[in-house]
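Just so it is clear: chains get the letters A, B, ... in the order the sequence lines come, proteins before strands, and each one is counted from 1. The model shown is predicted, which means the values in this text are computed figures rather than measured ones.
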Number of protein chains: 2
Amino acid sequence: MKRHTWQREAVRDALGVRENFVSAQQLHAALRGGGSSIGLATVYRALADLASEGAADSLQQEGESLYRACTPGTHHHHLICRNCGLTVEIEADAVEQWANSVAAEHGFTRPHHVVDVFGFCAGCSIAEKTATP
Amino acid sequence: MKRHTWQREAVRDALGVRENFVSAQQLHAALRGGGSSIGLATVYRALADLASEGAADSLQQEGESLYRACTPGTHHHHLICRNCGLTVEIEADAVEQWANSVAAEHGFTRPHHVVDVFGFCAGCSIAEKTATP
DNA sequence: TGTACTGTTGATAACGAATCTCATTACCGT
DNA sequence: ACGGTAATGAGATTCGTTATCAACAGTACA
């Protein structure tokens, strides 16, 4: 049976407060910094649970997993700033359909897809332009 | 200056021969198995070089980087079997355009995108269906 | 062809993310 | 309140990747 613990709540809350993708380690450090005594392994477990039940999105970047809260039930993708991490949820029905049809075309079943767009957000685009010599 | 070594050639060739995505370690093991004395670090370096110069595609799966040879200059995505690794290159002009426009809409510049479709290829779909009790 | 310069190699150490172990804790139905 | 049992957490462990550094080998040039 699934139990309700303050640790899981803490992870869920800490993730819900954030706007951007964060790593398990960052989240653990933040919780510890906030006075919590939560363990690293627990943060990993909680994040894995959240992701598997659809309450969090995850993506792999530079060899580590990043997580972000999302409203369960909705399928969406992300537009992520390479510089500051700002993340925007985007819908892409056309892409969903394309993925399904291209999979079917080649005889593939049970298609999943990874679709993320990276770039520099408006603010960082300007900041970079002025900073470059 | 960039030097030409048999090690780099060996990695390039070994990658070119393969149809599917492989990890650096797999490639290293294969080369060693073939009688080569190439070092692991060198395989990692060669793969990183190939990827950065556009001669190889890479993707992250289960915490490790996988590589696959590709014809430089062409932009494409992949349809990958979750079971056997069979990979099909797919074109997706519609997706390119969608990615660019959605980035522009939100003020993002220099958009890159990660688009990969996973599933079970025709062969593995059948095999799994008959294997399940 | 010989030689000096310097990029490359490879064994191993180091690193870091993620997972495993297992004794202890504490949630929850009864 | 009680008991079983899932969850926790400190530390050890695994495993992919990168850094270190002395030895090596392309390459340009005389």
Side-chain angles (χ1 to χ4, degrees), chain A residues 1-15 18 20-53 55-69 80 85 114 116, chain B residues 1-15 18 20-53 55-69 80 82 85 114 116 118:
Chain A
M1 178 210 315
K2 192 149 213 168
R3 290 178 183 176
H4 181 79
T5 65
W6 67 263
Q7 287 95 336
R8 284 183 201 270
E9 271 311 305
V11 171
R12 187 187 292 270
D13 291 351
L15 200 65
R18 312 200 160 234
N20 303 344
F21 277 88
V22 289
S23 69
Q25 312 244 6
Q26 287 175 324
L27 216 55
H28 177 243
L31 287 163
R32 281 299 183 100
S36 173
S37 65
I38 194 169
L40 179 60
T42 301
V43 174
Y44 274 101
R45 285 187 284 240
L47 286 173
D49 284 355
L50 288 172
S52 76
E53 70 193 33
D57 289 323
S58 71
L59 62 86
Q60 314 274 318
Q61 198 175 33
E62 291 164 29
E64 67 181 352
S65 292
L66 304 182
Y67 297 86
R68 183 172 186 276
I80 304 150
V114 177
D116 288 302
Chain B
M1 178 212 313
K2 192 150 214 168
R3 290 179 181 172
H4 181 80
T5 64
W6 65 264
Q7 288 95 337
R8 284 182 204 272
E9 272 312 305
V11 171
R12 187 187 293 269
D13 291 350
L15 200 65
R18 313 202 160 232
N20 302 345
F21 278 89
V22 287
S23 69
Q25 312 240 8
Q26 287 175 323
L27 215 56
H28 176 244
L31 287 163
R32 282 298 185 103
S36 172
S37 64
I38 194 168
L40 179 59
T42 303
V43 174
Y44 273 101
R45 284 187 286 241
L47 287 173
D49 284 355
L50 288 172
S52 75
E53 70 194 32
D57 289 322
S58 71
L59 62 84
Q60 314 274 318
Q61 200 177 30
E62 292 165 27
E64 69 181 351
S65 293
L66 304 182
Y67 298 86
R68 182 172 187 275
I80 304 150
R82 288 193 115 88
V114 177
D116 287 304
F118 296 86

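Note on B/Arg12 versus B/Glu53: salt bridge recorded, some NZ/NE/NH1/NH2 to OD/OE distance being below 4.0 Å.
Evaluation of atom-type donor-acceptor distances gives a pair under 3.5 Å for the side chain of A/Arg45 against the base of D/dG9. Taking only distance into account, the side chain of B/Arg8 never meets the base of C/dT8 through a donor-acceptor pair shorter than 3.5 Å.
Both B/Arg32 and A/Leu66 sit near DNA chain C, but only B/Arg32 has its closest nucleotide nearer the 5' end. Position along DNA chain D of the nearest nucleotide to A/Asp49 versus B/Ala41 favours A/Asp49 as the more 5'-ward residue. Comparing A/Thr5 and B/Thr5, the nucleotide of DNA chain D nearest to each residue sits closer to the 5' end for A/Thr5.
B/Gln61 has its side chain within reach of B/Phe118: a pair of non-hydrogen atoms, C-beta onward, lies under 4.5 Å apart.
The side chain of B/Ser65 contributes an N or O atom lying less than 4.0 Å from OP1 or OP2 of D/dT17. Using a 4.0 Å cut-off, no side-chain N or O of B/Tyr44 falls inside it from OP1 or OP2 of D/dT18. Using a 4.0 Å cut-off, some side-chain N or O of A/Gln7 falls inside it from OP1 or OP2 of D/dG9. Within the structure, every side-chain polar atom (N or O) of B/Arg3 is placed at least 4.0 Å from both OP1 and OP2 of C/dC5. For the OP1/OP2 pair of C/dG10 and a distance below 4.0 Å, the side-chain nitrogens and oxygens of B/Thr42 include at least one atom meeting the criterion.
A donor-acceptor contact shorter than 3.5 Å links the side chain of B/His28 to the backbone of B/Ile38.
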